[in-house]
Amino acid sequence: DVKVTQSSRYLVKRTGEKVFLECVQDMDHENMFWYRQDPGLGLRLIYFSYDVKMKEKGDIPEGYSVSREKKERFSLILESASTNQTSMYLCASSFTYPGQGSNIQYFGAGTRLSVL
Amino acid sequence: DQQVKQNSPSLSVQEGRISILNCDYTNSMFDYFLWYKKYPAEGPTFLISISSIKDKNEDGRFTVFLNKSAKHLSLHIVPSQPGDSAVYFCAAKISNFGNEKLTFGTGTRLTIIP
């Protein structure tokens, strides 16, 4: 079974704090993703990575950065947390599909972050 | 600019009846579509997908229909069961090699009434 593990289920942080969200996958997937889920807005892609040390901006990268030093681990960093970053954060991973189609993205259980 | 839209935020269906969830997209480059299901406090899980070369794909109680000319897809669940109560997201993809980026819709919360 594919497992994507997010280090925390719930986090409460103060405005201005630096926040690290960690994600680990155990299936040797090339691709890893960070999304946030907000009511009425669905899942929005923050950043993704298709290889170690590689990163690509998603649709809403502002205020975030990422790090991928090892293939199995993808970290999301909030350099200076703000209240509008209160959200559910979801990590996912997948293989690269060789043709038309898509390999399944497997998701972690999510981290609910509250910034006060 | 929401390229994938689910215009119904919620839907209630009687147990045993058919549930129909709809999704519209605007980007004609999308050529692969997926549905994910999400329970509270869990991550989304893959349900079913369809390539743009098909107009229908079926897997047990779940069928996805694609109407490319209308840029519309729908997920049919029949018969609906209480365990189907969840939030459903449609997602779309442009199939270039190495591009695994998905664009998700806003989700529809399905409630199955016993």
Side-chain angles (χ1 to χ4, degrees), chain A residues 1-6 8-10 21 23-25 29-51 54-61 74 88-112, chain B residues 1-10 21 23-25 27 29-54 57 59 64 66 68 86-109:
Chain A
D1 257 6
V2 174
K3 195 161 186 185
V4 178
T5 304
Q6 295 184 230
S8 305
R9 294 300 301 270
Y10 301 95
L21 302 183
C23 176
V24 177
Q25 49 94 5
H29 286 169
E30 297 96 344
N31 307 294
M32 296 189 75
F33 308 83
W34 275 106
Y35 296 89
R36 61 179 283 177
Q37 182 194 356
D38 300 289
L41 297 176
L43 273 68
R44 293 180 293 166
L45 182 64
I46 304 171
Y47 266 98
F48 62 104
S49 169
Y50 52 88
D51 202 351
M54 305 303 287
K55 61 184 179 185
E56 293 280 345
K57 292 180 180 179
D59 300 317
I60 51 164
F74 193 35
M88 169 69 84
Y89 289 88
L90 292 158
C91 174
S93 71
S94 73
F95 284 118
T96 295
Y97 200 83
Q100 191 202 30
S102 182
N103 274 316
I104 296 167
Q105 286 190 19
Y106 294 88
F107 283 82
T111 297
R112 184 163 293 282
Chain B
D1 177 28
Q2 192 77 32
Q3 295 187 71
V4 179
K5 302 177 186 178
Q6 294 175 257
N7 291 319
S8 298
S10 63
L21 294 89
C23 180
D24 297 293
Y25 61 96
N27 189 341
M29 297 292 291
F30 289 142
D31 60 359
Y32 199 81
F33 304 89
L34 306 91
W35 285 92
Y36 280 78
K37 174 180 179 179
K38 186 181 185 300
Y39 292 120
E42 293 183 16
T45 54
F46 170 75
L47 195 56
I48 192 169
S49 61
I50 188 166
S51 163
S52 60
I53 62 174
K54 296 184 174 181
N57 189 28
D59 183 2
V64 56
L66 176 62
K68 281 189 298 182
V87 177
Y88 290 78
F89 293 98
C90 67
K93 178 177 183 279
I94 299 170
S95 294
N96 295 324
F97 176 77
N99 174 35
E100 294 297 322
K101 178 183 170 182
L102 295 178
T103 300
F104 283 85
T106 52
T108 296
R109 181 178 301 278

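Order of the sequence lines fixes the chain letters, A, B, ..., with proteins taken first and strands second; residue numbering starts at 1 for each chain.
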**Student:** What's the shortest heavy-atom distance between B:Phe104 and A:Leu43, and which atoms?
**Tutor:** CB-O, 3.6 Å

**Student:** Around A:Arg112, counting heavy atoms of other residues, nucleotides and ligands shown, do more than 12 lie under 6.0 Å from its CZ?
**Tutor:**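 Incorrect, the count does not exceed 12.
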
**Student:** Looking at OH of A:Tyr106 and CZ of B:Phe46, how far apart are the two atoms once the value is rounded to the nearest 0.5 Å?
**Tutor:** 8.5 Å

**Student:** Which of the residues B:Gly105, B:Gly107, B:Ala41 is involved in the greatest number of heavy-atom pairs with chain A at under 4.5 angstrom?
**Tutor:** B:Ala41

**Student:** With only heavy atoms counted, which part of B:Pro44 is less than 4.5 Å from chain A, the side chain, the backbone, both or neither?
**Tutor:** both

**Student:** With only heavy atoms counted, which part of A:Arg9 is less than 4.5 Å from chain B, the side chain, the backbone, both or neither?
**Tutor:**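 Side chain only.
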
**Student:** Identify which part of A:Gln37 has an atom lying under 4.5 Å from any heavy atom of chain B, answering side chain, backbone, both or neither.
**Tutor:** side chain

**Student:** Starting at CG of B:Leu47, measure out to CD1 of A:Ile104 and round the result to the nearest 0.5 Å.
**Tutor:** 10.5 Å

**Student:** Please determine which of B:Thr45, B:Leu34, B:Leu102 meets the side chain to side chain contact (heavy atoms under 4.5 Å, CB included) test together with A:Gln105.
**Tutor:** B:Leu102

**Student:** What part of A:Leu45 lies closer than 4.5 angstrom to a heavy atom of chain B: side chain, backbone, both or neither?
**Tutor:**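 Only the side chain of A:Leu45 comes within 4.5 Å of chain B.
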
**Student:** Test your reading of the model: is there a side-chain donor-acceptor pair from B:Glu100 to the backbone of A:Phe33, 3.5 Å cut-off?
**Tutor:** no

**Student:** Could I get the full list of side-chain contact (heavy atoms from CB on, under 4.5 Å) partners for A:Pro61, not counting sequence neighbours?
**Tutor:** A:Tyr47, A:Lys57

**Student:** Which heavy atom of A:Leu90 sits nearest a heavy atom of B:Gly43, and at what distance?
**Tutor:**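 Taking A:Leu90 first and B:Gly43 second, the nearest heavy atoms are CD2-CA, 4.1 Å.
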
**Student:** Please state whether the side chain, the backbone, both or neither of B:Tyr39 comes within less than 4.5 Å of a heavy atom of chain A.
**Tutor:** neither

**Student:** Counting only non-hydrogen atoms closer than 4.5 Å, does A:Tyr35 touch chain B with its backbone (N, CA, C, O), its side chain (CB onward), both, or neither?
**Tutor:** side chain

